[in-house]
Novice: 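Dropping a structure here in structure tokens format, bear with me for questions.
Chain letters run A, B, ... following the sequence lines, proteins first, then strands; residues in each count from 1. Just so it is clear, the model here is predicted, and its values are computed rather than measured.
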Amino acid sequence: MKWLTEITFYGLFAAFVGVFSAWPDYQLVAADRAIVSVVFSHAGQRVGDCRILTQDELNELPPNMRTMNDCPRERHPVRVLLRSDSETLYDATLQPSGIWADGKSNIYKRVEVQAGTHQLFVGVSDSGDDAGFDYEQSSVVDLVPGRNLIVQFDEQSQQIIIR
Amino acid sequence: MIERVHRIGQGMFLALQKPMSRAFESTANPLNHLGVLTIFFLWVVLISGIWLLIFFSTSVSGAFDSVEYLTNEQWYLGGVMRSLHRYASDAAIVTIFVHILREFMFNHYRRNRWFTWVSGVPLVWIIFPLGITGYWLVWDELAQYVAISSAELMDSIPIFTDSMAGNFLNDDLVSDRFFTLMAFFHLIGMPIFLVFGIWLHVFRLTSPRINPPRRMMAATLLCLLVLSAVYPAVSHEQADLAMTPMVLRLDWFYLHFYPLIQITSPGWVWLMLIATSGVIVIAPWAPREKAESPALVTLDYCNGCERCVDDCPFGAVEMVPRTDDTNYSHQAEVDPDLCTSCGICVGACPTATPFRSRGDLVPGIDLPDRSAATLRDEIVAADEQGATPRVLVFGCRDDRQLRDLQEAGARCIPVNCVGQLPPSYIDFALSRDHADGIMLLGCENGLCTYRFGANWTEQRLARQRDPMVRRRVDLSRVALGWQAPWSGCRNAVDKYKEFTASLAK
């Protein structure tokens with residue numbers, strides 16, 4: 001009897017470990033949904049124009065710091081808009097990183113959408129001008145359930161890429 | 001308030017302990033060995049992990065295939081090892097959680113035990129990433145989910161310039177070097193911190209146990225092996241970063257908080273984890289337990305025998321060179337920061353004898369708040385009370401059953417820990433006819449607030465440990481009120497009634 005009770009306790013412990021090591025299932029994304037991930041780092045334009053220093057101003061500077069241009073460090077925030085058909089999925093203004101606000105604006109956003117064919121529009125503005133977008137990309141995408149569509153900004157070509 | 005929570009928790013644990021005590025002796029009850037069981041599970045994890053490492057390929061294309069080979073082709077050994085690796089890791093989380101809960105409920109975390117309690121928190125912070133990085137290495141859909149979610153967690157810490165989650169946008173971005181890095185963390189980096197953390201955790205304990213009893217090791221290993229054979233651990237589909245896994249079989253022991261990253265936000269998850277850890281860290285001082293005077297050494301009576309040093313459960317007593325002009329070479333010295341005022345050192349002191357006829361009863365080491373002289377006075381005073389047979393109960397003040405015994409009419413003398421009672425006091429009470437029988441009430445092995453109180457008492461009564469009970473003491477007139485291999489006790493009140501009846505015959 002004592003043996004039986006001991007075996008029962010160890011059996012219950014093993015069952016508890018076994019069951020909760022893989023159950024219940026976790027539904028990460030619904031069966032008819034897909035994901036659009038907007039992921040990139042992009043530096044907004046500087047808040048002011050660079051100024052060419054006069055010769056007198058240059059002379060006042062230490063020799064190792066004599067550069068012609070005096071540029072403000074601060075950058076504009078980057079605005080990102082993601083629209084599927086007529087529905088806005090994401091619209092955010094991202095502040096530049098760094099304590100002097102002179103770094104890149106980082107975006108990482110995963111948005112769930114209904115699977116199917118969609119007209120996708122992505123707009124990025126980095127000049128602080130809210131009237132329009134400095135970069136735009138529009139594309140018809142066919143999203144199968146579970147698809148992870150990536151939206152990026154290519155710094156070399158200065159283009160939005162949807163893939 | 002906190003005492004009420006403790007009482008409720010203790011009641012729950014004792015309710016669980018009751019049916020378990022039918023199957024296990026106290027020395028073999030898993031509930032009394034949760035810390036060392038965790039260490040044993042980590043041994044199983046280590047050994048099974050070494051086998052997995054031999055066949056594991058640290059590359060994007062090879063990681064999943066090598067685990068699949070172990071699981072399917074080499075199922076009879078590699079598959080079993082993989083399952084053991086996983087289930088032992090999960091079992092460790094169960095024992096850690098119950099260990100924390102139990103130590104909290106039995107108030108084993110406040111006063112001078114704060115260090116052991118607080119040093120357990122970093123251990124948890126090491127064990128979880130250790131388990132979680134193990135899931136990355138399989139590189140299946142679950143690994144993909146864990147990798148991306150973990151990266152999202154890291155990204156929410158505002159110190160990184162580029163997004164770590166951006167490294168998991170497509171399969172081309174994940175390199176072999178990433179697997180080498182993860183394997184380093186999982187196999188070398190974190191285990192080193194874990195070993196150091198375990199050492200730190202038991203650093204202030206005297207004679208810390210590292211392994212559970214052999215029978216328990218065999219039983220738990222067997223039950224994990226059976227589980228591995230019946231329900232082997234398997235992978236999800238291979239990771240594909242172009243797709244998002246839809247349904248996952250999460251390991252809830254390690255990944256229970258991961259869905260919260262999606263449901264709330266990574267920032268909230270950090271807040272929750274840090275707040276939970278913070279509450280645990282400050283628990284010993286919220287509220288602070290009333291401090292008692294530490295043990296006091298009286299050099300006139302200390303002969304430097306070292307028994308108090310041997311018996312102190314927290315290493316609070318040490319021997320130092322003699323400071324007076326006696327012939328003894330050493331004397332005991334108490335570190336008040338480590339002393340818990342349990343009185344076990346008094347129980348170990350050969351000069352703590354109530355038979356002393358000359359002068360006041362001042363032993364070499366004593367508790368100012370619960371002195372050896374007071375205990376003797378209470379034995380003499382208890383003589384006048386109650387009916388026959390006169391059973392005198394020396395009860396640990398932390399034992400819930402002491403109140404039950406008092407309500408049942410027993411003559412009780414509370415002690416800080418049952419280990420505080422020198423065996424000579426039992427002899428004194430019986431031989432001077434202050435009692436017909438003695439019952440000792442304490443917490444069973446593994447539950448003792450001061451770790452060794454019940455253990456040392458059992459050994460002193462069995463004449464295996466100094467100071468031993470004298471041979472003239474009739475042990476049939478001494479009963480133990482806790483579950484021990486030879487006490488035959490399941491319930492203290494029943495034991496008291498049974499013992500009283502046996503003395504009356």
Novice: So with a 6.0 Å cut-off around CG of A:D49, is the heavy-atom count from everything else above 12?
Specialist: no
Novice: Quick one: pull up OG in A:S37 and CG in B:N170 and give me the separation to the nearest 0.5 Å.
Specialist: 11.0 Å
Novice: Need one label for B:M216: side chain, backbone, both or neither, based on atoms under 4.5 Å from any heavy atom in chain A.
Specialist: both
Novice: Heavy-atom distances under 4.5 Å only: say whether A:A34 touches chain B with side chain, backbone, both or neither.
Specialist: neither
Novice: Are the side chains of A:Q27 and B:L248 in touch, meaning some heavy atoms are under 4.5 Å apart?
Specialist: no
Novice: Taking every heavy-atom pair that is under 4.5 Å apart, which of A:A15, A:G18, A:G103 has the most such pairs with chain B?
Specialist: A:G18
Novice: Please say whether more than 12 non-hydrogen atoms of neighbouring residues, nucleotides or ligands are located less than 6.0 Å from CH2 in B:W270.
Specialist: yes
Novice: Can you confirm if the aromatic rings of A:Y10 and B:F24 lie within a centre distance of less than 6.0 Å?
Specialist: yes
Novice: Can you tell if the side chain of B:T244 reaches within under 4.5 Å of the side chain of A:R33, non-hydrogen atoms only?
Specialist: no
Novice: Side chain from CB out, backbone as N, CA, C, O: work out which of these in B:L255 comes under 4.5 Å of a heavy atom of chain A, or both, or neither.
Specialist: neither
Novice: Should the heavy atoms of other residues, nucleotides or ligands under 6.0 Å from CD1 of B:I263 be counted, would the total exceed 12?
Specialist: yes
Novice: Is the number of heavy atoms from other residues, nucleotides or ligands within 6.0 Å of CD (B:E237) greater than 12?
Specialist: no
Novice: Flag the one option from B:A233, B:A219, B:G166 with the top tally of heavy-atom pairs under 4.5 Å to chain A.
Specialist: B:A219
Novice: For each of B:M246, B:E152, B:M243, tally heavy-atom pairs with chain A at distances under 4.5 Å, and name the one with the top tally.
Specialist: B:M246
Novice: Could you go step by step and tell me if B:L31 and A:F9 meet the side-chain contact (heavy atoms from CB on, under 4.5 Å) rule?
Specialist: CA-CA 11 Å; B:L31 273 182; A:F9 273 112; over 6 Å; no
Novice: By a 4.5 Å heavy-atom criterion (distance strictly below it), what part of A:F40 contacts chain B: side chain, backbone, both, or neither?
Specialist: neither
Novice: Counting neighbours of CE on B:M12 that are heavy atoms of other residues, nucleotides or ligands and sit closer than 6.0 Å, is the number greater than 12?
Specialist: no
Novice: Contact part of A:D25 toward chain B, heavy-atom cut-off under 4.5 Å: side chain, backbone, both or neither?
Specialist: both
Novice: Is B:P158 in contact with chain A via its backbone, its side chain, both, or neither, using a 4.5 Å heavy-atom distance?
Specialist: neither
Novice: Can you tell me how far the CZ atom of B:R215 sits from the CD atom of A:E6, to the nearest 0.5 Å?
Specialist: 4.0 Å
Novice: Measuring from B:L169:CG to A:Q152:CD, what's the distance to the nearest 0.5 Å?
Specialist: 5.0 Å
Novice: Please look at A:S21 and chain B and tell me whether the side chain, the backbone, both or neither of the residue comes under 4.5 angstrom of a heavy atom of that chain.
Specialist: both
Novice: Would you find a donor on one side and an acceptor on the other, under 3.5 Å apart, between the side chain of A:W23 and the backbone of B:R249?
Specialist: no
Novice: With rounding to the nearest 0.5 angstrom, report the CG to CD distance, A:L28 to B:Q144.
Specialist: 9.5 Å
Novice: For each of A:L149, A:T8, A:V29, A:I7, tally heavy-atom pairs with chain B at distances under 4.5 Å, and name the one with the top tally.
Specialist: A:V29
Novice: At a 4.5 Å cut-off on heavy atoms, which part of B:T220 comes close to chain A: side chain, backbone, both, or neither?
Specialist: both
Novice: Is any side-chain heavy atom of B:V247 closer than 4.5 Å to one of A:Y26?
Specialist: no
Novice: Could you pull out the closest heavy-atom pair between B:L227 and A:A14, with the gap in Å?
Specialist: CD2-O, 3.4 Å
Novice: What pair of heavy atoms forms the shortest contact from A:A22 to B:R86, and how long is it?
Specialist: CB-NH2, 4.0 Å
Novice: Check the angle between the aromatic planes of A:F20 and B:F253 and answer parallel, tilted or perpendicular using the 30° and 60° thresholds.
Specialist: perpendicular
Novice: Please examine the side chains of B:S163 and A:N106, heavy atoms only from C-beta on, and report whether any two atoms are closer than 4.5 Å.
Specialist: no
Novice: Heavy-atom cut-off 4.5 Å, strictly under: side chain, backbone, both or neither for B:Y258 against chain A?
Specialist: neither
Novice: What part of B:A242 gets within 4.5 angstrom of chain A, counting heavy atoms only: side chain, backbone, both, or neither?
Specialist: backbone
Novice: Measure A:R110 against the heavy atoms of chain B and call it side chain, backbone, both or neither at under 4.5 Å.
Specialist: side chain
